[in-house]
Peer 1: 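Please see the structure below; I have some questions.
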Amino acid sequence: MSRRTRILLALIAVYAIGMAALLYQLLADLDPRYRESAEEGLIETAQLMATVIEQDVEYGALPTDRIGGIFRDLYARRFSAQIYNLHKTRVELRAYVTNRHGQVVYDSTGRDLGKDYSGWRDVRNTLLGEYGARTTRDVAADKHSSVMYVGAPIRWNGEIVGVVTLGKPVQSFGQFVSAARGNIISVGIVSALSALALALVLSFWLIRPLGITSDLLASLRTAWWHDEQGRRRFSPRRAWRALRAQARAAGQEVRDAIAGRNYVQDYVQQLTHELKSPISAVRGAAELMQEPGMPPDQQQKFAANIARESHRMQEVVDRMMELTALESRRMLQDQQRVELAPVLHELVAGARARAPRLQIVLQIQDELAVEGDAFLLRRAIGNLLDNAVEFSTPAGDGSADIALTLARDGRMACITVRDHGPGVPPYAEGKVFDKFFSLARPGSPKRSTGLGLSFVQEIATLHQGSVSLRNVQPGGEPVAVVERAARGARAVLRLPALKA
């Protein structure tokens, strides 16, 4: 995973964690706010009930018959109330009355009549002239059976002679909490995704304010092609591939914008690092050549070093410019049908001429064609073949040193380059496609510019394909260096194949 991808994912993760923390705080605060609202209503109702009861108190005696009649008639009432999504038809309020000693003299549920409630906080605090309330479960193991109780004092001649406590099951307003929680989650997720989408759109707009429409039209133009009779036709498949490539390119730019990647700075740093060594070599050789009395053979040697290092710097600069130009292309504009077999025959012939000591074998298992840029495809396959040539040594027994194969794998055309070189060291796995990363050639400290495989990867991406380079593992076992058949690496370039 690249650094910019990790930065992008880290930013998205921070955003997601922040939104999740905000939603969690809102949801955690939801239930207490509903309980506070319900408790505030219970307080007023309890005070009203205490005032009604006080009208019938005589000499401190509590009118339990009067209270029982009120609740009997209350429970018998039938009504229909539509409260948003809740349809309410019965009263869930419960009540009990205790005397000045905390003994229950009336219970609307009929379960706790005569019990001593002086230890409950709602009764104890209210008898002391303080605010008394509690929340208790009817069933200890069931959290959904909680009931909220609020007490109010019953007075006679200024003296507290009893307590009326009203209770309301938490479950009665719990459905409002559940509905509100669901709404908050839905709105939160939609808002978070909308904000993220808006950020992506703004990033896309900031870096490409004028190119969206033109790129879209350019991608659609590639869907038109001419058949063998010269007639102009529209291909939905080509249009889909072009739009997909455009979307991938746009996503890449948005990702780079969010991650804050600075291409110019990265390229300057990489190029400076790569040119530092040859510049030092040229400077050192030039200073030594200026010393008086240097033998001509030594001067010739240092001059050759300067020429070699200058050529290396020129090669790095040229390849870097090519790669930069290739990366700036978000999609292929002019695509054509490319028959792969003739391209491979041409490349193999050139490789055989450059390396006559190597046995290079070409195997065409399927006659396949792809759609794309013939020049770029030739460069990509040529780079893979040149890489195999540089890492291969002749076997001398007539067997193939390098095998180039063309075969179909589902909808993909697979071009495989198999060599019998030393393979990829374990420390280099996953780095071979990085810019400026290169390995020493067998028997020589010489290294390449480290841009060839990056170039191949960019070309494969432009053609909706992929490229991989792995060590050969016959039989699924790790690479064995002792036998030549088990050595080497296999590069596979996969491209979407056209129908025959």
Side-chain angles (χ1 to χ4, degrees), residues 1-3 5-6 270 273-274 277 312 315-316 319-320 323 326 344 347-348 351 354-355 357-363 377 379-396 399-407 409 412-461 463 465-495:
M1 185 183 295
S2 64
R3 180 182 300 175
T5 302
R6 291 196 295 268
Q270 293 172 344
H273 176 76
E274 188 64 20
S277 177
R312 179 184 172 188
E315 186 180 8
V316 169
R319 296 300 292 272
M320 194 68 182
L323 184 58
L326 189 63
L344 297 183
L347 292 174
V348 167
R354 293 191 304 273
R357 298 178 58 194
L358 296 176
Q359 292 292 328
I360 304 177
V361 178
L362 174 61
Q363 300 175 348
L377 289 174
R379 290 289 304 275
I381 303 171
N383 270 326
L384 294 179
L385 190 56
D386 291 343
N387 200 60
V389 169
E390 292 183 359
F391 280 91
S392 295
T393 53
S399 61
D401 299 309
I402 298 174
L404 184 62
T405 307
L406 173 62
D409 181 14
M412 307 298 287
C414 294
I415 304 167
T416 304
V417 182
R418 162 77 155 92
D419 65 57
H420 292 82
V424 182
Y427 70 87
E429 294 178 358
K431 299 181 180 179
V432 291
F433 292 101
D434 292 349
K435 295 182 183 68
F436 297 113
F437 182 83
S438 62
L439 297 170
R441 273 44 184 168
S444 170
K446 178 184 175 183
R447 295 174 181 264
S448 68
T449 60
L451 297 173
L453 290 179
S454 298
F455 195 74
V456 175
Q457 189 176 50
E458 290 295 333
I459 293 175
T461 302
H463 287 81
S466 63
V467 63
S468 62
L469 176 62
R470 295 184 178 88
N471 287 333
V472 177
Q473 297 183 356
E477 298 297 328
V479 177
V481 241
V482 291
E483 296 184 4
R484 185 172 184 270
R487 295 176 56 197
R490 178 184 288 110
V492 181
L493 177 62
R494 295 169 57 87
L495 302 168

Peer 1: Is there a side-chain contact (heavy atoms from CB on, under 4.5 Å) between L404 and L344? Walk through the geometry before answering.
Peer 2: CA-CA 8 Å; L404 184 62; L344 297 183; 4.0 Å; yes
Peer 1: Of all heavy-atom pairs between A351 and I360, which one has the smallest distance, and what is that distance?
Peer 2: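 In terms of heavy atoms, the two residues are closest at CB-CD1, 3.7 Å.
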Peer 1: V492 vs R494, test: side-chain contact (heavy atoms from CB on, under 4.5 Å). Steps then yes/no.
Peer 2: CA-CA 6 Å; V492 181; R494 295 169 57 87; 3.8 Å; yes
Peer 1: Going by side chain to side chain contact (heavy atoms under 4.5 Å, CB included), name the residues that satisfy it together with P425, two or more places apart in sequence or in a different chain.
Peer 2: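 By the side chain to side chain contact (heavy atoms under 4.5 Å, CB included) rule, P425 matches Y427, A428, L439.
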Peer 1: I'd like to check L384 versus V456 (side-chain heavy atoms, cut-off strictly below 4.5 Å). Are they in contact?
Peer 2: yes
Peer 1: Shortest non-hydrogen contact from D419 to S392?
Peer 2: CB-OG, 3.3 Å
Peer 1: Can L377 and H463 be said to form a side-chain contact (heavy atoms from CB on, under 4.5 Å), step by step?
Peer 2: CA-CA 9 Å; L377 289 174; H463 287 81; 3.7 Å; yes
Peer 1: Heavy atoms only: give me the nearest V467-F433 pair and the separation to one decimal.
Peer 2: CG1-CE2, 3.5 Å
Peer 1: Taking atom CG of L495 and atom CE of M412, what is their separation to the nearest 0.5 Å?
Peer 2: 6.5 Å
Peer 1: Tell me, please, which residues at least two apart from A355 pass side chain to side chain contact (heavy atoms under 4.5 Å, CB included).
Peer 2: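 Listed in chain order: L358, V389.
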Peer 1: Salt bridge check, D386 against R354: does any charged N sit closer than 4.0 Å to a carboxylate O?
Peer 2: yes
Peer 1: Does a side-chain heavy-atom distance below 4.5 Å link T416 with R490?
Peer 2: yes
Peer 1: Restricting to non-hydrogen atoms, name the atom on L493 and the atom on A380 that form the minimum distance, rounded to 0.1 Å.
Peer 2: CD2-CB, 4.5 Å
Peer 1: I'd like to check the side chain to side chain donor-acceptor pair (under 3.5 Å) partners of S468; sequence neighbours left out, ordered by chain and number.
Peer 2: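 So S468 forms a side chain to side chain donor-acceptor pair (under 3.5 Å) with R470.
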Peer 1: So, for V424 and A489, which heavy atoms are closest and what is the spacing to 0.1 Å?
Peer 2: CG2-CB, 4.5 Å
Peer 1: If you take all heavy atoms of R418 and V472, which pair is closest and at what distance?
Peer 2: NE-CG2, 3.2 Å
Peer 1: Find the distance between CG (L347) and CD1 (I381) and round it off to the nearest 0.5 Å.
Peer 2: 6.0 Å
Peer 1: Between atom OG of S466 and atom CD of Q457, what is the distance when rounded to the nearest 0.5 Å?
Peer 2: 9.5 Å
